[in-house]
Q: 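Mind having a look at this structure? Questions to follow.
All heavy atoms count here, side chains included; hydrogens, waters and symmetry mates do not. Letters A, B, ... are given to chains in the order of the sequence lines, protein chains preceding strands, and every chain is numbered from 1.
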There are 2 protein chains.
Amino acid sequence: MSSFDDVQNRFGAADQGSLRRTNLALVLGRLRDQGPRSRARLATELGITRSGVSSLVGELVERGLVRTGVVERGAVGRPGTSVRLDGRSVCGIGAEINVHHVATMAMDLSGNVVAEHRLTLDGNRHEASEVVDRLVELVSRTEDDVAAHGAAPVGLTVGVAGLVDSTRDMLTLGPNLEWREVPVGAMIRDRLQPDYPVVIDNEGNLAAIAETLPGDPGRRDILVIFGEVGLGGGIVADGRLLRGRQGYAGEFGHMIVDPQGRRCGCGRIGCWETVAGLRALLDAAADTDDAVRDPALGLQARLAELNRRADLGDTRTLAALDQVGGWIGVGAAMLTNALNPAAIVLSGYFAEVGHHMRGSIEARLEAGVLAPHAGGTVVELSTLGFTAAVRGGATLALESVFADPTRVERLVPVAQGESR
Amino acid sequence: MSSFDDVQNRFGAADQGSLRRTNLALVLGRLRDQGPRSRARLATELGITRSGVSSLVGELVERGLVRTGVVERGAVGRPGTSVRLDGRSVCGIGAEINVHHVATMAMDLSGNVVAEHRLTLDGNRHEASEVVDRLVELVSRTEDDVAAHGAAPVGLTVGVAGLVDSTRDMLTLGPNLEWREVPVGAMIRDRLQPDYPVVIDNEGNLAAIAETLPGDPGRRDILVIFGEVGLGGGIVADGRLLRGRQGYAGEFGHMIVDPQGRRCGCGRIGCWETVAGLRALLDAAADTDDAVRDPALGLQARLAELNRRADLGDTRTLAALDQVGGWIGVGAAMLTNALNPAAIVLSGYFAEVGHHMRGSIEARLEAGVLAPHAGGTVVELSTLGFTAAVRGGATLALESVFADPTRVERLVPVAQGESR
DNA sequence: ACATCTTTGTAAGATAACTTTGCAAAGTTT
DNA sequence: AAACTTTGCAAAGTTATCTTACAAAGATGT
């Protein structure tokens, strides 16, 4: 039921066409959110008649979006044939540009990951054109995988670590990439010449979309904190991603929480990411010559080592996790007072080491929120790790189909004058 | 075009009826947002045919929601007859329960204030039942005024200073009222026995709704900071009020911004309202025996006196305003990083004295936001003052009609079998 | 002064989507 | 084996929009 971009009824009047679109989307969304089921069941659940559902399912089959499956026998009466999403028709593609890597993921309509590619970067500054070249290569390979799967791409969403101006299709500022005013979207379109839309977005926003599990009402109001080199995230309110006026929403990392603290890469002092970002954790947990600080090892391995130490009870490591967790809690409490989310989801590097921080986060959250029991907000760890952004990008691309299934062409065009 | 409560398409399928409702709402909303205009103009603007608009307007006239007005002649061609909202049919009622006063406002469909009542309280603690009795009296008088205007109430929204749990219809906690777990909605319904819905909400949220000017695209993403004894507010994202999981969103006043600061009424230390609330301003601006600290004088008069001193260049007053403005800016910057609003609207007591704070607020905002030029966020002063909450309540009650005009009965019922 | 042009508002018919109604098909229960 | 339940579809009915056509009301041009 969630829709991040309201294609439906954006403006303009409703006519028979939009009526049909709405109901096609309703059936398709139900199948995504609740899984396969018979036409009759869809009818009772959605409040449409059985004939109506038959007609809608028929059109969705013609468009290749669903297919009929096994026979489901109930307790009594004629068994129904279940209808389910057909993953072989379309795929959404997500991509990510970060300091540490570029990556892509393709996901089909049923949520299956069809392709996943990742290229690790050395972490030093590179020109945008160079990085985009690498990414486009990955996207090309992903396109091939999608084609091999028998599907067509319906969209590409590129998550970038930085401020993305959605109105100008431009990366305004990427403090950690050290980029400024880069037209990432246009650069990709120029090189790729795709026949599907390419949009860019903030990686934290995409990570937030990835956490909004379809059909889970407990995930309609969430706050996602995405930790990487920087600290970003996204806000999902009432099932919709909050972008703000220009698309800059979710820049949690630069909220100033420690005015007497350290200087941030952005030039300010005491930004949240200086005390709760990855660097803060490593600084507190290890000396400069420690292996976990060695970029050559790869992020995953370094975090695994930290985890190992924490599990063994190493006091310095545990104290570092505790300290960073406390700062996470301080910021989370402020945002919880403002937003009252159902859950705060910790993603990115927190997915790896967050379970050691949970206690200190929850303590500070509880202490810093006016509403009793932190307003019912619970702290959850993402299971997506560093794939959250690409997954969210693919999800967002697919969302256009779920919002308007008629975007996918019929396999068998309707003959002139023929009724549906 | 804004709708705070999506009555439309809440769930369930779309049928001919919802199609009609959507288009009726579209026409009605356009007339609200853009003012009176001819059927032909509505048709071209909304993308409906002229005959379609004729039919829709006809039904809206039957329901008493619009009426045809003057003849508008264009440059050439047959002049059109303008259609406009008819304020004589329905009114929304807003109410407010605060430490300093209870108040009501009735507003008709065209936004005219039909009634306004206010009862100043002494600021001491009172039992909820006692205060609700006073409020119900005011609402009764307001109902009479609405009836005298020839209209019927379509809803009552009661703003309360505190945490309002929208799922339980309950004031969970009112720190400044010193109330806890009070079923304000049920209490009012018991006493008033109304034939229209009564809902309760947070006063900051209602103030935010009041600031979302219909039809102004620059007000679709705003952050409203509502200063009273406490500090609250609301977030409007994409034209919709953000409530959060339980309705606790917008409790900005208890974000901890000064951990080494003073104890707050809620028991914590350094809440935003301890440094930017009304009390903080008065503490900084005047000694305890100063007239501006005398509750007997009334808030309005005390703020006017502060204004007078500031205008005369009194250094202590100006310094106090500067200091509080700085703290407002600190919190506003954090929220702006998270939400990227188009505007931060200062309401409540800020409407009176905010123009003296503007400089310090904007300086801190600019300094504390990652996005260049504070992400385009501008600081604006509300012109509504202490009536923001009741106005927002009335607006919200009316919103149900704008979202679904068929909620208002036809004056002339359709004869059986007769077409529309 | 009168015909022509432009625009408005409405009505009648066409189209499209849903619902209602009816029924055959495919099972279980008695 | 008959009765019952449930499923899925097709034909007819309802309703809301769009298409087309036209009268009304004023401006413009000769």
Q: Does OP1 or OP2 of C:dA16 have a side-chain N or O of A:Arg20 closer than 4.0 Å?
A: no
Q: Checking B:Arg88 now: which residues fulfil salt bridge (Lys or Arg N to Asp or Glu O under 4.0 Å) with it, not counting sequence neighbours?
A: B:Asp86
Q: Reading nucleotides 20-30 of chain C from the 5' end, what letters show protein touch, with B for base, S for backbone sugar-phosphate only, - for no heavy atom under 4.0 Å?
A: BB--BBBBS--
Q: Separation of B:Leu46 atom CG from D:dC18 atom P, in whole Å?
A: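 Distance check: B:Leu46 CG to D:dC18 P gives 11 Å.
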Q: Salt bridge (Lys or Arg N to Asp or Glu O under 4.0 Å) with A:Asp221: which residues, sequence neighbours excluded?
A: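 Salt bridge (Lys or Arg N to Asp or Glu O under 4.0 Å) check on A:Asp221 returns nothing, list empty.
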Q: Does A:Ala152 have any side-chain contact (heavy atoms from CB on, under 4.5 Å) partners at least two apart in sequence or in another chain, and if so, which?
A: none
Q: To the nearest angstrom, how far is B:Leu60 atom CG from D:dA16 atom P?
A: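 From B:Leu60 CG to D:dA16 P: 13 Å.
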Q: Output every pair passing side chain to side chain donor-acceptor pair (under 3.5 Å) with a member in residues 65-84 of chain A, not counting sequence neighbours, ordered by first then second residue.
A: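 As it turns out, the side chain to side chain donor-acceptor pair (under 3.5 Å) pairs with a partner in residues 65-84 of chain A, which skip direct neighbours, are A:Arg39-A:Thr81.
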Q: Could you state the atom-to-atom distance from CG of A:Asp15 to P of C:dC18 in whole Å?
A: 12 Å
Q: Who passes salt bridge (Lys or Arg N to Asp or Glu O under 4.0 Å) against B:Asp15, sequence neighbours left out?
A: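 By the salt bridge (Lys or Arg N to Asp or Glu O under 4.0 Å) rule, B:Asp15 matches no residue at all.
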Q: Under 3.5 Å, is there an N or O donor on one side and an acceptor on the other linking the side chain of A:Gln16 and the base of C:dA17?
A: no
Q: Going through the checks in order, is the side-chain contact (heavy atoms from CB on, under 4.5 Å) test met by B:Arg245 and A:Arg220?
A: CA-CA 8 Å; B:Arg245 194 187 90 100; A:Arg220 288 185 63 79; over 6 Å; no
Q: Once you round it to whole Å, what is the distance between P of C:dT7 and CZ of B:Arg37?
A: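 In whole Å, C:dT7 P and B:Arg37 CZ are 18 Å from each other.
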Q: Given atom CG of A:Asn23 and atom C1' of C:dA16, what is their separation to the nearest angstrom?
A: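 In whole Å, C:dA16 C1' lies 13 Å from A:Asn23 CG.
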